[in-house]
S.K.: 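Sharing a structure, written as structure tokens. Questions coming.
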Amino acid sequence: MGVGSIWARVPRTSTVLHAKPNQIKIYSGRNAPLEDARRDGTFVGDSGDVGGVDASSAAAANPAGEGEVPAKDDDATAAVLPPASSEEAANSTQESGVLEDQELQFQEAVAEPPSKKSDDSAAAAAASGNGSSPSVVHSDPAILPAPVQQIPPTAQEVKALADQQIPAVLEVKQADSETPAREWKPLCDLTSNRRIDWCELDGDVRVLGANASITLVAPPGADDRTFREESWRIKPYPRKADPNAMRFIREVTVQSVSGEAPACTDRHDVPALVFSDRGYAGNYFHAYTDVILPLFLTARQYAGEVLLLVTDLQMWWVGKFLPVFKSISNYDPIDLDHDPRVHCFRHVQVGLTNHDDFSIDPSRAPNGYSMLDFTNFLRTTYGLPRDVAWPAAAANATAGRSRPRLLLIARARTRRFVNTDEIVRGAEKVGFEVVVSEGEHEVAPFAELANSCDAIMGVHGAGLTNMVFVPTGGVVIQVVPLGGLEFVAGYFRGPSRDMGLRYLEYRITPEESTLIDQYPRDHVIFTDPEGVKNKGWESLKGAYLDKQDVRLDMKRFRPTLKKAIAHLRKASANAN
């Protein structure tokens, strides 16, 4: 391929699947002690929240706080989701910019009626070219006609044939290669997808990373019907409406020319994908929804025979998700910004196919891919053994467990559980074995831990992204803090169901929030969350996301735990 390896420069993270004793606590008895776990912002940093806020009365909408949200996901709160924030950990990209952008899009979300958003989304889906990459369609085996019985001609027929004048030169049909070239269409699409601008180039395509140019050269004999000179400037990252996410994305020039073009130094017989791994990718949730999921959606159809051209390449980030890159492509990725060569291809896509946050629309996906395909891909990538939740695993001799396991995500700084011991005891009483963990920088060990569990539970935040590793048929319990935060819960509500998981949502009361320790009960923070929201994203974030922890009322929360265990036991009965 002529591709210089960058792996020597990639910081290697251990792929040994293990759990560090001082980070993970497993509770198999009711009186097991709870020790402090080491903090790590990879999964659960303060800025691990993944959305903004709307709606004003969580308790009024669900006074018991214990029922699951209806399966229908087209409610107003789920229809409009503001952008997610960046992680505050060492691997974050730009914290302050994220907040500014969230304020901008939060205001747009509040101002735009949900019905209009739904109409716009439907129209975009219908017109979307992004997501319309040609599917790999496998033809059915050819069906051959039955042989026809041959009947010898009569003497008269032989004579008639002899009398016919047969032309000396047989007519030959025009070869397929000489069929008329298709009519020209613009190289790039800036309108059909609200998340990303993207381009597709077919023919003689030359990529020069040093000056961030991608050039389609006119074929011989091209005319105005089949070729036009164009020039576009594209930032290949799926947050195009977010100026703060996009300000650090390198702009790429996509053009078509009929004159001079840089000479090829490296020719490739596989297609190429051009994308950025910067933006908000330092946040664990955004790493998946902005890069890893779109990369799967775009590249998986090539079965490894695709070359990844990465602009803004972050070595630490590639190293963190190294197994994903190796599963997607059979070739080392190219650090496009620092590559002086001219790479030549027959097909290049600039910008990854992207449908929505943490979501795949199978009707628009190559080969009809779904979120189930995505989670299966991740389990294979990280060598995870469990495809189906308890009891299927319990029947396996390697499982060695008679009770389903609950993973309790413990956040490091904000929106923490302050009564973790009590939560553990309550979960054990209904039948769970409980694991408490804050996560760690390395993905593989935590992926193995999550896959060993049958249910995952946490306060709204990036840590819940690890539900991608929970076996199909498992349970997700999202605890929604005070402040009308129900519609940001949609970042996990719909996707969890698409992954084949049972989703339960618990909305806390003012008495379960530590805000009750900071403000009187008649303060506007309790009586008028809508008014707090109307002051803007910063006001809402400061009031409800940055300063609030959770103290669950276990008597009130217990029915939610019982629903989770009942779901798993029902699956056990059906399996038997």
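Since the model is a prediction, treat every value here as computed from it, not as a measurement.
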S.K.: Applying side-chain contact (heavy atoms from CB on, under 4.5 Å) to His343 and Leu309, what does each step give before you reach the verdict?
M.R.: CA-CA 10 Å; His343 296 275; Leu309 310 181; 5.5 Å; no
S.K.: Judged by atom type as modelled, is there a donor-acceptor pair below 3.5 Å linking the side chain of Trp317 to the main-chain atoms of Asp277?
M.R.: no
S.K.: Measure from the side-chain N and O atoms of Asn193 to the backbone N and O of Asn354, and report whether any donor-acceptor pair falls under 3.5 Å.
M.R.: yes
S.K.: With no hydrogens and no angle check, is any side-chain donor or acceptor of Ser329 less than 3.5 Å from a backbone partner on Val306?
M.R.: yes
S.K.: Checking ring-ring contact (aromatic ring centres under 6.0 Å, His included) for the pair Phe285/Phe492: CA distance, chi angles, key distance, verdict?
M.R.: CA-CA 10 Å; Phe285 172 79; Phe492 301 111; 5.6 Å; yes
S.K.: Flag the pair Glu505 and Arg507 as a salt bridge only when some basic side-chain nitrogen lies within less than 4.0 angstrom of an acidic carboxylate oxygen.
M.R.: yes
S.K.: Does a side chain donor of either Tyr503 or Gln478 reach within less than 3.5 Å of an acceptor in the other side chain?
M.R.: yes
S.K.: Ignoring hydrogens and angles, tell me if any N or O in the side chain of Arg415 forms a donor-acceptor pair with the backbone of His460 under 3.5 Å.
M.R.: yes
S.K.: Looking only at atom types and distance, does a side-chain atom of Thr289 sit under 3.5 Å from a main-chain N or O of Phe358, one as donor and one as acceptor?
M.R.: yes
S.K.: Is there a donor-acceptor pair closer than 3.5 Å between any side-chain N or O of Asp189 and the backbone N or O of Thr191?
M.R.: yes
S.K.: Is it true that Asp356 and Arg194 make a salt bridge, defined as a side-chain N closer than 4.0 Å to a carboxylate O?
M.R.: yes
S.K.: State whether the side chain of Asn451 and the backbone N or O of Phe469 hold a donor-acceptor pair below 3.5 Å, judged by distance alone.
M.R.: yes
S.K.: Is a side-chain donor-acceptor pair under 3.5 Å present for Ser276 with Arg250?
M.R.: no
S.K.: What verdict does the salt bridge (charged side-chain N to carboxylate O under 4.0 Å, His left out) test give for Arg195 and Asp290, after you've listed the backbone C-alpha separation in whole Å, the side-chain angles of each residue and the deciding distance to 0.1 Å?
M.R.: CA-CA 10 Å; Arg195 296 177 56 81; Asp290 291 358; 3.7 Å; yes
S.K.: For a quick test of reading the model, state the closest non-hydrogen atom pair linking Gly351 to Trp198 and the distance between them.
M.R.: O-CB, 4.3 Å
S.K.: Any chance you could lay out the ring-ring contact (aromatic ring centres under 6.0 Å, His included) test for Phe296 and Tyr369, step after step, and finish with the verdict?
M.R.: CA-CA 9 Å; Phe296 164 83; Tyr369 291 137; 5.3 Å; yes
S.K.: With distance as the sole test, does Thr298 use its side chain to make a donor-acceptor pair with the main-chain N or O of Leu295 at under 3.5 Å?
M.R.: no
S.K.: Using a 3.5 Å distance criterion without hydrogens, assess whether the side chain of Thr375 forms a donor-acceptor pair with backbone atoms of Leu372.
M.R.: yes
S.K.: For a quick test of reading the model, state the closest non-hydrogen atom pair linking Glu230 to Trp184 and the distance between them.
M.R.: OE2-NE1, 2.9 Å
S.K.: Kindly state whether the ring of Phe321 and the ring of Tyr288 have centres lying under 6.0 angstrom apart.
M.R.: yes
S.K.: Work out which heavy atom in Pro333 is nearest to a heavy atom in Phe325; give both atom names and the distance.
M.R.: CG-CD2, 4.4 Å
S.K.: Are any of the side-chain nitrogens in Arg233 or Asp197 under 4.0 Å away from the carboxylate oxygens of its partner?
M.R.: no
